[in-house]
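Contents: one structure, followed by commentary.
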Amino acid sequence: MIVRPRRLRRTAAIRDMVRETRLAASMLVYPIFVREGRGVVEELSAMPGQMRWSPDTLPRILERAAGAGIGGVLLFGIPDHKDETGSQAWAEDGVVQRAMRTAKREFPDLTVIGDVCLCEYTSHGHCGVLKGTTVDNDPTVELLARTAVSQAQAGADIVAPSDMMDGRVGAIRSALDDAGLTETAILSYAVKYASAFYGPFREAAQSAPSFGDRRGYQMDPCNVREGIREALLDVEEGADMILVKPGLPYLDVLRAVKERVSVPVGSYSVSGEYSMIKAAAANGWLDERRVVCESAVCLARAGADIVVTYFALSLADWIREGLA
(Lines give C-alpha, C1' and ligand atoms only; values in the text may rest on other atoms or scores of the structure.)
Protein backbone atom coordinates (compact mmCIF):
# COMPACT_ATOMS: atom_id res chain seq x y z
CA MET A 1 0.00 0.00 0.00
CA ILE A 2 1.38 3.39 -0.96
CA VAL A 3 0.87 6.07 1.66
CA ARG A 4 0.82 9.49 0.08
CA PRO A 5 1.71 12.51 2.19
CA ARG A 6 -1.17 14.90 2.42
CA ARG A 7 -1.61 18.49 3.40
CA LEU A 8 -3.73 19.05 6.47
CA ARG A 9 -7.20 20.37 5.59
CA ARG A 10 -7.39 23.26 8.00
CA THR A 11 -10.31 25.05 9.51
CA ALA A 12 -9.71 28.59 10.70
CA ALA A 13 -9.27 27.29 14.26
CA ILE A 14 -6.71 24.71 13.18
CA ARG A 15 -4.83 27.28 11.12
CA ASP A 16 -4.53 29.53 14.16
CA MET A 17 -3.45 26.65 16.39
CA VAL A 18 -0.59 25.46 14.15
CA ARG A 19 0.57 28.85 12.87
CA GLU A 20 4.37 29.02 12.97
CA THR A 21 4.80 32.80 12.88
CA ARG A 22 2.71 35.15 15.00
CA LEU A 23 2.52 38.91 15.09
CA ALA A 24 1.74 41.07 18.10
CA ALA A 25 1.02 44.78 18.28
CA SER A 26 3.75 45.07 20.91
CA MET A 27 6.34 44.22 18.21
CA LEU A 28 5.48 47.32 16.22
CA VAL A 29 7.18 50.72 16.27
CA TYR A 30 5.58 53.73 14.59
CA PRO A 31 7.84 56.44 13.07
CA ILE A 32 6.62 60.02 13.55
CA PHE A 33 7.91 63.28 12.03
CA VAL A 34 7.93 66.32 14.32
CA ARG A 35 8.56 69.80 12.93
CA GLU A 36 8.73 73.27 14.38
CA GLY A 37 5.62 75.42 14.62
CA ARG A 38 2.22 75.35 16.29
CA GLY A 39 -0.99 73.71 15.12
CA VAL A 40 0.85 71.72 12.45
CA VAL A 41 -0.81 68.60 11.04
CA GLU A 42 0.68 68.43 7.57
CA GLU A 43 0.10 65.48 5.23
CA LEU A 44 3.12 64.17 3.34
CA SER A 45 2.59 64.16 -0.40
CA ALA A 46 4.92 61.20 -0.98
CA MET A 47 3.48 59.20 1.94
CA PRO A 48 -0.33 59.43 1.88
CA GLY A 49 -1.81 59.12 5.36
CA GLN A 50 1.41 60.17 7.13
CA MET A 51 1.86 63.60 8.68
CA ARG A 52 4.31 66.08 10.07
CA TRP A 53 3.24 67.17 13.56
CA SER A 54 4.30 70.08 15.73
CA PRO A 55 5.01 69.43 19.43
CA ASP A 56 1.62 70.85 20.46
CA THR A 57 -0.37 68.60 18.08
CA LEU A 58 1.81 65.54 18.68
CA PRO A 59 -0.38 64.20 21.55
CA ARG A 60 -3.16 63.50 19.02
CA ILE A 61 -1.13 60.82 17.27
CA LEU A 62 0.54 59.64 20.47
CA GLU A 63 -2.90 58.95 21.93
CA ARG A 64 -3.67 56.72 18.97
CA ALA A 65 -0.33 54.95 19.34
CA ALA A 66 -0.83 54.35 23.05
CA GLY A 67 -4.37 53.11 22.46
CA ALA A 68 -3.21 50.73 19.73
CA GLY A 69 -0.92 48.94 22.17
CA ILE A 70 2.11 49.16 19.91
CA GLY A 71 5.63 48.76 21.24
CA GLY A 72 6.69 52.37 20.84
CA VAL A 73 7.15 55.43 18.64
CA LEU A 74 10.28 56.57 16.82
CA LEU A 75 10.63 60.35 16.63
CA PHE A 76 12.36 62.29 13.85
CA GLY A 77 12.92 66.02 14.34
CA ILE A 78 12.73 68.65 11.61
CA PRO A 79 14.12 72.02 12.78
CA ASP A 80 13.56 75.41 11.20
CA HIS A 81 17.24 76.26 11.50
CA LYS A 82 19.92 74.04 9.99
CA ASP A 83 23.68 74.57 10.02
CA GLU A 84 26.91 72.87 9.02
CA THR A 85 27.15 70.78 12.20
CA GLY A 86 23.46 70.12 12.83
CA SER A 87 23.54 71.84 16.21
CA GLN A 88 19.77 71.63 16.69
CA ALA A 89 20.14 67.86 17.02
CA TRP A 90 21.44 68.22 20.59
CA ALA A 91 19.82 71.53 21.57
CA GLU A 92 18.03 71.36 24.92
CA ASP A 93 15.03 73.17 23.41
CA GLY A 94 15.28 71.39 20.05
CA VAL A 95 12.08 70.28 18.39
CA VAL A 96 12.60 66.58 19.06
CA GLN A 97 13.61 67.19 22.68
CA ARG A 98 10.44 69.20 23.28
CA ALA A 99 8.42 66.46 21.58
CA MET A 100 9.97 63.83 23.85
CA ARG A 101 9.21 65.79 26.99
CA THR A 102 5.61 66.17 25.81
CA ALA A 103 5.35 62.47 25.02
CA LYS A 104 6.65 61.30 28.39
CA ARG A 105 4.55 63.83 30.29
CA GLU A 106 1.31 62.94 28.48
CA PHE A 107 1.93 59.22 27.92
CA PRO A 108 4.51 58.05 30.46
CA ASP A 109 4.02 54.36 29.65
CA LEU A 110 4.60 54.78 25.92
CA THR A 111 8.11 53.81 24.84
CA VAL A 112 9.79 56.74 23.09
CA ILE A 113 12.70 56.12 20.73
CA GLY A 114 14.86 58.93 19.38
CA ASP A 115 16.48 58.74 15.98
CA VAL A 116 20.11 59.80 16.47
CA CYS A 117 21.48 61.23 13.24
CA LEU A 118 22.45 64.65 11.94
CA CYS A 119 21.00 64.51 8.42
CA GLU A 120 17.71 66.20 9.38
CA TYR A 121 19.64 68.99 11.11
CA THR A 122 22.57 69.78 8.77
CA SER A 123 22.35 72.40 6.06
CA HIS A 124 24.00 70.00 3.59
CA GLY A 125 21.82 66.97 4.42
CA HIS A 126 24.64 64.57 5.16
CA CYS A 127 24.76 62.49 8.35
CA GLY A 128 27.74 64.19 9.93
CA VAL A 129 30.39 66.90 9.94
CA LEU A 130 32.00 67.44 6.56
CA LYS A 131 35.68 67.46 5.77
CA GLY A 132 35.68 68.76 2.22
CA THR A 133 33.02 66.67 0.52
CA THR A 134 33.21 63.63 2.83
CA VAL A 135 31.83 63.01 6.30
CA ASP A 136 34.51 63.17 9.00
CA ASN A 137 33.85 60.14 11.19
CA ASP A 138 35.36 60.96 14.59
CA PRO A 139 34.06 64.55 15.05
CA THR A 140 30.66 63.27 13.91
CA VAL A 141 30.70 60.51 16.54
CA GLU A 142 31.28 63.10 19.27
CA LEU A 143 28.19 65.03 18.15
CA LEU A 144 26.10 61.88 17.88
CA ALA A 145 26.97 60.96 21.46
CA ARG A 146 26.03 64.48 22.55
CA THR A 147 22.72 64.15 20.68
CA ALA A 148 21.94 60.78 22.30
CA VAL A 149 22.53 62.19 25.79
CA SER A 150 20.33 65.20 25.00
CA GLN A 151 17.49 62.96 23.84
CA ALA A 152 17.80 60.64 26.83
CA GLN A 153 17.71 63.61 29.20
CA ALA A 154 14.55 64.79 27.43
CA GLY A 155 12.87 61.45 28.09
CA ALA A 156 13.86 59.01 25.34
CA ASP A 157 13.72 55.45 26.63
CA ILE A 158 15.79 54.23 23.67
CA VAL A 159 18.22 56.05 21.39
CA ALA A 160 18.63 54.78 17.86
CA PRO A 161 21.79 55.84 16.00
CA SER A 162 21.09 55.64 12.26
CA ASP A 163 24.14 57.43 10.89
CA MET A 164 26.42 54.41 10.17
CA MET A 165 29.58 56.05 11.54
CA ASP A 166 32.27 53.72 12.86
CA GLY A 167 32.45 53.42 16.65
CA ARG A 168 29.36 55.46 17.42
CA VAL A 169 27.62 52.80 19.53
CA GLY A 170 30.54 52.53 21.94
CA ALA A 171 30.84 56.31 22.16
CA ILE A 172 27.11 56.70 22.82
CA ARG A 173 27.13 53.99 25.49
CA SER A 174 30.05 55.64 27.27
CA ALA A 175 28.44 59.10 27.06
CA LEU A 176 25.11 57.84 28.39
CA ASP A 177 26.79 56.02 31.27
CA ASP A 178 28.93 59.04 32.14
CA ALA A 179 25.75 61.15 32.28
CA GLY A 180 24.13 58.66 34.67
CA LEU A 181 21.74 57.44 31.96
CA THR A 182 22.64 53.80 32.36
CA GLU A 183 19.07 52.57 31.82
CA THR A 184 18.76 54.16 28.37
CA ALA A 185 18.89 51.42 25.74
CA ILE A 186 20.56 51.61 22.33
CA LEU A 187 18.77 50.38 19.21
CA SER A 188 21.45 50.56 16.56
CA TYR A 189 20.78 50.80 12.84
CA ALA A 190 23.66 48.36 12.53
CA VAL A 191 22.82 47.16 9.02
CA LYS A 192 21.65 50.12 6.96
CA TYR A 193 21.99 49.97 3.22
CA ALA A 194 22.44 52.82 0.74
CA SER A 195 18.99 52.18 -0.64
CA ALA A 196 16.79 53.81 -3.25
CA PHE A 197 13.80 52.95 -1.06
CA TYR A 198 14.40 55.97 1.21
CA GLY A 199 13.15 58.58 -1.26
CA PRO A 200 9.80 59.45 0.37
CA PHE A 201 11.45 59.71 3.80
CA ARG A 202 13.90 62.31 2.56
CA GLU A 203 11.01 64.42 1.34
CA ALA A 204 9.19 63.91 4.64
CA ALA A 205 12.20 64.74 6.82
CA GLN A 206 13.58 67.37 4.42
CA SER A 207 16.93 65.61 4.64
CA ALA A 208 18.04 64.92 1.07
CA PRO A 209 21.80 65.52 0.58
CA SER A 210 22.55 68.79 -1.21
CA PHE A 211 25.32 67.05 -3.14
CA GLY A 212 26.53 63.50 -3.72
CA ASP A 213 24.94 60.59 -1.89
CA ARG A 214 25.46 58.48 1.24
CA ARG A 215 27.14 55.46 -0.30
CA GLY A 216 30.41 56.42 1.38
CA TYR A 217 29.05 55.48 4.81
CA GLN A 218 25.91 53.42 4.21
CA MET A 219 26.24 49.83 3.06
CA ASP A 220 26.44 48.38 -0.44
CA PRO A 221 23.22 46.44 -1.21
CA CYS A 222 25.36 43.68 -2.72
CA ASN A 223 26.92 42.74 0.65
CA VAL A 224 25.59 40.34 3.27
CA ARG A 225 28.72 39.34 5.19
CA GLU A 226 29.48 43.02 5.77
CA GLY A 227 26.08 43.37 7.41
CA ILE A 228 26.80 40.49 9.78
CA ARG A 229 30.15 42.04 10.65
CA GLU A 230 28.58 45.44 11.33
CA ALA A 231 25.94 43.87 13.55
CA LEU A 232 28.48 41.91 15.59
CA LEU A 233 30.65 45.00 16.04
CA ASP A 234 27.72 47.08 17.29
CA VAL A 235 26.68 44.38 19.75
CA GLU A 236 30.26 44.21 21.02
CA GLU A 237 30.21 48.00 21.52
CA GLY A 238 27.04 47.83 23.61
CA ALA A 239 24.00 47.84 21.35
CA ASP A 240 21.00 46.35 23.15
CA MET A 241 19.05 45.83 19.90
CA ILE A 242 19.86 46.21 16.23
CA LEU A 243 17.97 47.10 13.06
CA VAL A 244 18.25 45.90 9.50
CA LYS A 245 17.06 48.53 7.00
CA PRO A 246 15.21 48.36 4.55
CA GLY A 247 12.76 45.54 5.20
CA LEU A 248 11.32 43.27 2.51
CA PRO A 249 14.17 43.61 -0.04
CA TYR A 250 16.62 42.44 2.66
CA LEU A 251 14.92 39.38 4.16
CA ASP A 252 18.01 37.28 3.50
CA VAL A 253 20.17 39.76 5.40
CA LEU A 254 17.68 39.86 8.27
CA ARG A 255 17.76 36.07 8.57
CA ALA A 256 21.56 35.92 8.36
CA VAL A 257 21.97 38.58 11.06
CA LYS A 258 19.34 37.00 13.30
CA GLU A 259 21.26 33.73 13.25
CA ARG A 260 24.51 35.37 14.33
CA VAL A 261 23.65 37.86 17.09
CA SER A 262 22.35 37.33 20.60
CA VAL A 263 20.27 40.52 20.96
CA PRO A 264 16.80 41.34 19.60
CA VAL A 265 16.78 42.17 15.89
CA GLY A 266 14.42 44.61 14.24
CA SER A 267 13.52 45.38 10.65
CA TYR A 268 12.61 48.84 9.35
CA SER A 269 9.98 48.67 6.61
CA VAL A 270 10.95 51.95 5.03
CA SER A 271 9.11 54.81 3.35
CA GLY A 272 9.50 53.46 -0.18
CA GLU A 273 7.90 50.18 0.82
CA TYR A 274 5.01 52.08 2.42
CA SER A 275 4.47 54.38 -0.56
CA MET A 276 4.55 51.55 -3.10
CA ILE A 277 1.83 49.66 -1.24
CA LYS A 278 -0.29 52.81 -0.80
CA ALA A 279 0.03 53.68 -4.50
CA ALA A 280 -0.87 50.17 -5.66
CA ALA A 281 -3.80 50.01 -3.24
CA ALA A 282 -5.06 53.43 -4.37
CA ASN A 283 -5.12 52.12 -7.94
CA GLY A 284 -6.99 48.99 -6.93
CA TRP A 285 -4.08 46.73 -7.83
CA LEU A 286 -3.55 45.32 -4.32
CA ASP A 287 -5.60 44.64 -1.20
CA GLU A 288 -3.85 46.99 1.23
CA ARG A 289 -4.77 45.12 4.41
CA ARG A 290 -3.74 41.71 3.13
CA VAL A 291 -0.48 42.97 1.62
CA VAL A 292 0.50 44.90 4.76
CA CYS A 293 -0.26 41.92 7.00
CA GLU A 294 1.57 39.48 4.73
CA SER A 295 4.58 41.78 4.52
CA ALA A 296 4.81 42.09 8.30
CA VAL A 297 4.50 38.32 8.69
CA CYS A 298 7.37 37.90 6.20
CA LEU A 299 9.59 40.15 8.30
CA ALA A 300 8.73 38.27 11.49
CA ARG A 301 9.21 34.92 9.76
CA ALA A 302 12.68 36.00 8.63
CA GLY A 303 13.59 36.80 12.23
CA ALA A 304 12.37 40.28 13.16
CA ASP A 305 11.56 40.70 16.84
CA ILE A 306 10.70 44.36 16.17
CA VAL A 307 9.01 45.79 13.08
CA VAL A 308 9.33 49.52 12.45
CA THR A 309 6.57 50.42 10.03
CA TYR A 310 4.46 53.40 8.95
CA PHE A 311 1.52 50.98 8.92
CA ALA A 312 1.91 50.27 12.66
CA LEU A 313 -1.37 51.80 13.80
CA SER A 314 -3.48 50.13 11.14
CA LEU A 315 -1.55 46.89 11.44
CA ALA A 316 -2.17 46.76 15.20
CA ASP A 317 -5.92 46.94 14.50
CA TRP A 318 -5.69 44.24 11.84
CA ILE A 319 -3.75 41.96 14.19
CA ARG A 320 -6.50 42.31 16.77
CA GLU A 321 -9.04 41.48 14.08
CA GLY A 322 -7.17 38.26 13.32
CA LEU A 323 -6.05 39.35 9.84
CA ALA A 324 -2.35 38.85 10.61
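Computation of the quantities below employed the complete heavy-atom set of this structure, encompassing side-chain atoms and omitting hydrogens, waters and symmetry-equivalent molecules.
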Under a 4.0 Å threshold between the charged nitrogen and the carboxylate oxygen, would E42 count as salt-bridged to R35? yes
Lys/Arg-Asp/Glu bridge criterion (N-O < 4.0 Å) met for D317, R320: yes
Please determine whether side-chain contact (heavy atoms from CB on, under 4.5 Å) holds for the pair M100 and Q151, giving the CA-CA distance in whole Å, both sets of side-chain angles, and the decisive distance to 0.1 Å. CA-CA 8 Å; M100 287 171 177; Q151 291 185 359; 3.7 Å; yes
Is the number of heavy atoms from other residues, nucleotides or ligands under 6.0 Å of [X] [atom1] greater than 12?
{"X": "E294", "atom1": "CD", "result": "no"}
{"X": "R22", "atom1": "CZ", "result": "yes"}
{"X": "F197", "atom1": "CZ", "result": "no"}

Does a donor on one side chain sit under 3.5 Å from an acceptor on the other, for Q97 and S150? yes
Look at the side chain of Y121 and the backbone N and O of H81, then say whether any donor-acceptor pair between them is shorter than 3.5 Å. no
For residues 70-90, which residue pairs pass the salt bridge (charged side-chain N to carboxylate O under 4.0 Å, His left out) check, not counting sequence neighbours? none
Given Y274 and Q50, is the side chain to side chain donor-acceptor pair (under 3.5 Å) satisfied, shown in steps? CA-CA 10 Å; Y274 173 88; Q50 301 303 307; 3.1 Å; yes
In short, side-chain hydrogen bond (donor to acceptor under 3.5 Å, both in side chains) pairs touching residues 154-164 with sequence neighbours left out are K104-D157, D115-S162, D163-R168
According to the interplanar angle, ranging from 0 to 90°, do the rings of F76 and F201 count as parallel (below 30°), tilted (30 to 60°) or perpendicular (above 60°)? perpendicular
If the test is side chain to side chain donor-acceptor pair (under 3.5 Å), which one of R98, R52, Q88 qualifies with E36? R98
If you apply the rule side-chain contact (heavy atoms from CB on, under 4.5 Å), what do you find for I70 with V29, and how did you get there? CA-CA 6 Å; I70 63 172; V29 171; over 6 Å; no
Of all residues at least two apart in sequence or in a different chain, which pass the salt bridge (Lys or Arg N to Asp or Glu O under 4.0 Å) check with D178? none
